[in-house]
Amino acid sequence: MQRIGVFVCHCGTNIAGTVDVKAVAEAMKYENGVVFSTDYQYMCSEAGQNIIKDAIKEHKLTGIVVCSCSPRMHEATFRKAAQSVGLNPYMVEIANIREQCSWIHKDMATGTEKAIILARTAVAKVHLNAPLTSGETPVVKRALVIGGGIAGIQTALDIADAGFPVDIVEKLPTIGGKMSQIDKTFPTLDCAACILTPKMVDAAQNENIKIYSYSEVSGVKGFVGNFEVTIKRKARFVDETKCTGCGLCTEKCPQKRVPNEFNLGMDQRRAIYIPFAQAVPKIATIDADYCTMLKTGKCGVCSKVCTAGAIDYTQKDEFITEKYGAIVVATGFNPIKLDKYDEYAYSQSKDVITSLEFERLTNAAGPTAGKLLRPSDGKHPHKIVFVQCVGSRDTRECGKSYCSKICCMYTAKHAMLTREKYPDTEVYVFYIDVRTPGKNFDEFYRRAVEEYGVHYIKGMVGKVIPEGDKLIVRASDLISNEQLTIDADLVVLAAAIEPDKTARPLATMLTASMDTNDFFTEAHPKLRPVESPTAGIFLSGACQGPKDIPETVAQASAAAAKVIGLLVKDKMKNNACVAHSDENMCNGCSNCAKVCAYNAISYVDKEFRMPDRTTRVRRVAVVNDAVCQGCGACTVTCPSGAMDLKGFSNKQIMAEVDAICK
Amino acid sequence: MQVNEFKPKIVAFCCNWCSYAGADLAGTNRLNYPADVKIIRVPCSCRVNPLFVLRAFQRGADGVIICGCHPGDCHYTTGNYYARRRMTLLFSMLDYLGIEKERTRVEWVSAAEGAKFAATMNDFVATVTKLGENKRLEDLRCKK
């Protein structure tokens with residue numbers, strides 16, 4: 001018979017506001033097996049934990065129920081408290097009377113009644129709890145970073161600095177990500193390339209970092225501390241070990257009409273290419289979609305000019321498998337496609353561009369060598385209209401309901417730089433709100449308005465009509481309540497940002513959860529912002545939500561710190577709530593092994609002593625505790641009822657059902 | 001005012017990774033749903049043995065709902081597919097026994113869908129309330 005203690009938390013007024021906590025504690029005193037019951041203002045505080053510890057010692061409690069917030073919040077806290085006074089941590093059950101009771105009900109009577117039932121259910125479960133111990137498995141001291149943008153690079157550098165090997169997997173031929181396409185960074189107007197490229201070189205030269213460029217993660221197995229990842233190295237038809245990056249092939253290739261994605265299709269590159277001069281690794285890649293040799297078998301110019309003999313037209317996709325202890329997701333973002341925003345004439349006129357395209361136009365390494373020229377006729381624009389929130393804060397189906405966060409600041413930067421370089425240009429910015437929270441951000445925006453004379457107009461643009469070589473912008477000024485018509489030369493759209501499209505399939509592989517916008521969910525929005533709820537998966541940069549560069553770098557380093565904290569451990573505690581087979585009941589049918597997603601179940605021949613003193617050999621299931629993740633699929637499949645899950649046993653769940661339906 | 005308004009007993013099995021977190025989010029966002037719903041936390045929807053559902057009905061539950069991660073998003077890769085198959089079979093059997101199909105449900109609620117959780121529960125409770133008390137599978141020996 002268990003001796004159970006019940007501890008009811010007020011959580012300030014969070015629980016006590018709609019649940020009569022005293023009545024709950026009182027009602028629990030009459031439950032079977034409960035020898036102690038009390039309430040306290042904050043059970044998770046030190047004083048509250050001491051109440052629990054003292055009661056365990058004083059009343060020789062064998063199990064406790066804490067009626068408080070969600071177990072996802074403080075189960076670990078109370079388990080630790082119990083453990084410190086010698087009670088097995090798995091003898092602790094939480095009745096969730098905050099998130100699932102007090103916060104959703106407004107009426108005291110209803111809340112109290114439900115809280116009593118929830119507490120009773122937890123007591124019923126604790127009766128059947130058994131002390132559990134968890135095994136240990138060694139941690140693979142190597143990390144994987146998926147995505148080689150500034151987030152991934154920073155995370156990898158920090159982990160490598162701590163002395164652990166890191167691999168970066170980047171889907172493009174070079175690392176660098178979006179930041180490599182940007183010209184200047186707000187609010188200091190640092191040159192992006194000047195602060196990014198040294199980091200790229202650092203990453204390439206760091207002996208702890210291995211870069212798999214032009215590669216993708218194609219499979220993930222295992223669990224925290226012991227992931228097994230398959231990396232697909234896409235065929236680039238160039239031998240990485242031989243290519244010196246001289247670039248001769250990229251000048252001689254006769255296929256000149258390939259849209260250059262690095263410049264967002266505003267100019268052309270060859271079929272064999274190095275994305276940009278500072279690319280890391282600086283290795284040429286053949287674009288199989290355009291290469292004449294690969295398509296028709298006739299050409300071979302690049303292989304003729306390559307003095308290193310690096311060209312290999314027979315190269316195939318290669319799959320490699322590596323083991324990692326931790327995985328960092330840094331897949332980043334992309335601007336949304338604007339084909340559904342016809343009102344801005346993006347697909348009709350070449351002179352309606354996105355902000356990222358504007359970034360390339362003003363970049364010295366861009367298609368116009370840094371001169372701001374209209375894409376249509378190469379003339380200098382004299383009137384530029386910037387449109388904010390294109391797709392952001394837009395609750396229509398084609399838009400994104402969230403704020404993309406970075407657009408206000410980069411538009412202020414674009415406007416300011418335009419006015420600085422070309423004082424003869426008039427610049428208009430249409431906005432819903434200007435959002436500038438951040439260090440020196442608002443000062444930056446005010447400089448754009450006050451010093452540089454950028455016209456900020458509150459209001460949205462209704463339509464952009466291409467007319468001759470002009471773009472007629474129809475908009476409303478919400479403050480003076482006027483309709484405006486501006487004949488602009490160039491229209492720049494601040495397109496909303498969305499997670500990279502590779503993030504969704506990756507999340508499925510990693511079993512990491514995502515929100516409805518496909519941003520990765522963090523383990524706790526405030527307290528664990530760089531970890532995924534899935535153990536061993538960490539989040540870095542804009543894959544978790546829109547972020548500017550300083551925030552991305554901060555989160556990247558934070559994720560690295562968490563990874564290092566994991567990798568310094570030699571061994572990881574396993575999940576104690578694993579499946580267990582009763583060998584006396586098991587008939588060796590193999591059904592459990594078939595449903596196990598982790599191959600945790602194997603079969604052994606075991607000798608059993610029969611009643612007539614003979615022995616018989618029988619095949620029985622054995623669960624590998626280190627591999628079992630405790631989902632319970634096998635327990636339901638087992639026809640003889642031999643398989644059960646520790647911590648969530650059939651009897652425990654039945655007892656909960658009974659208590660609820662009582 | 002109606003005296004002795006019928007309050008259904010609803011058992012909700014929620015997987016730890018998605019739906020239980022979704023239920024927590026509904027609470028954090030203070031989204032209302034009836035107190036008739038009581039949640040049992042299970043590691044995965046595939047942990048829900050059809051026997052648990054039968055037991056609930058036997059003990060007088062008026063409705064049982066099983067919530068898991070969206071297909072493809074299961075924390076254990078394939079658990080929710082097993083749950084879906086098992087429950088499809090079980091529910092058709094229950095229907096044969098006279099437990100209306102509306103009393104049982106499998107729903108996918110992710111950790112980010114607090115609003116969906118509350119809406120699902122509101123809808124389910126309303127449906128079960130309309131059906132009234134479950135008498136068909138109730139074990140009278142369980143009633144005092």
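All values below come from the heavy atoms of this structure, side chains included, with hydrogens, waters and symmetry mates left out. These figures come from a predicted structure and were not determined experimentally. Protein chains get the first letters and strands the later ones, always in sequence-line order, with residue 1 at the start of each.
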message: Only pairs of heavy atoms separated by less than 4.5 Å count here; which of A:S513, A:G630, A:A597 has the most with chain B?
response: A:G630
- line: Looking only at B:S45, B:A61, B:A118, B:A21, the option with the highest number of non-hydrogen pairs under 4.5 Å against chain A is B:A21
Proximity breakdown for A:T637 and chain B, heavy-atom pairs closer than 4.5 Å: both
- prompt: Of the backbone (N, CA, C, O) and the side chain (C-beta and beyond), which part of A:T508 lies under 4.5 Å from a heavy atom of chain B, both, or neither?
  reply: both
statement: Under 4.5 Å to a heavy atom of chain A? For B:C74 that would be backbone
query: Would you say the side chain of A:C631 lies within less than 4.5 Å of the side chain of B:P43, judging by non-hydrogen atoms?
result: no
statement: Interatomic distance, CZ@B:R59 vs CG@A:D658, rounded to 0.5 Å, equals 4.0 Å
task: Look only at the side chain of B:K38 and the backbone of A:T121, and say whether a donor-acceptor pair between them is shorter than 3.5 Å.
output: no
- line: Whatever's closer than 4.5 Å to a heavy atom in chain B on A:I117 counts as side chain
- prompt: Atom CD in A:E99, atom OG1 in B:T28: separation rounded to 0.5 Å?
  reply: 5.0 Å
query: Is B:V48 close to A:V636 at the side-chain level, that is, under 4.5 Å between some pair of heavy atoms?
result: no
Donor-acceptor side-chain pairing of B:R47 and A:N650 below 3.5 angstrom: yes
query: Does A:I660 reach the side chain of B:K9, with side-chain heavy atoms less than 4.5 Å apart?
result: no
field: chain A contact via B:V64 - side chain, backbone, both or neither, heavy atoms under 4.5 Å
entry: neither
task: Enter the distance from B:I40:CD1 to A:M654:CE here, rounded to the nearest 0.5 Å.
output: 10.5 Å
- prompt: Around atom CG of B:D95, are there more than 12 heavy atoms of other residues, nucleotides or ligands at under 6.0 Å?
  reply: yes
message: Report which part of B:Y82 has an atom under 4.5 Å of a heavy atom belonging to chain A: side chain, backbone, both, or neither.
response: side chain
message: Tell me which of these, B:D62, B:V11, B:I10, B:N16, has more heavy-atom pairs under 4.5 Å with chain A than the rest.
response: B:N16
query: Which answer fits A:N517, side chain, backbone, both or neither, if we ask what part of it has an atom under 4.5 Å from a heavy atom of chain B?
result: neither
field: Contact leader toward chain A among B:I39, B:D73, B:L31, where contacts are heavy-atom pairs under 4.5 Å
entry: B:I39
task: Kindly compute the distance separating CG (B:L25) from CG (A:D515), expressed to the nearest 0.5 Å.
output: 10.5 Å
- prompt: Using non-hydrogen atoms only, which part of B:T78 is less than 4.5 Å away from chain A: side chain, backbone, both, or neither?
  reply: side chain
query: If you count heavy-atom pairs under 4.5 Å with chain B, which of A:K106, A:M509, A:M73, A:M514 comes out on top?
result: A:K106
- prompt: To the nearest 0.5 Å, how far apart are CG in B:D24 and CD1 in A:I104?
  reply: 10.0 Å
query: Side chains of B:F13 and A:V657: does their closest heavy-atom pair fall under 4.5 Å?
result: yes
message: Shorter than 4.5 Å, heavy atoms on both sides: which option in A:T521, A:T110, A:T635, A:D107 has the most such pairs with chain B?
response: A:T635
- request: Using a cut-off of 6.0 Å, state whether more than 12 heavy atoms not belonging to B:R136 lie near its atom CZ.
  value: no
query: Would A:E75 and B:R41 pass as an ion pair if we require N to O under 4.0 Å?
result: yes
statement: Smallest heavy-atom separation, A:N96 atom then B:Y20 atom, equals ND2-OH, 3.2 Å
- request: Heavy atoms only, distances under 4.5 angstrom: which of A:N14, A:L118, A:T534, A:L510 has the most pairs with chain B? Name it, please.
  value: A:T534
statement: Bottom line for A:Y598: the part with an atom under 4.5 Å from chain B's heavy atoms is side chain
message: Please identify, among B:A112, B:S110, B:C46, the residue contributing the most non-hydrogen atom pairs under 4.5 Å to chain A.
response: B:C46
Residue B:R85 excluded, over 12 heavy atoms near CZ under 6.0 Å: no
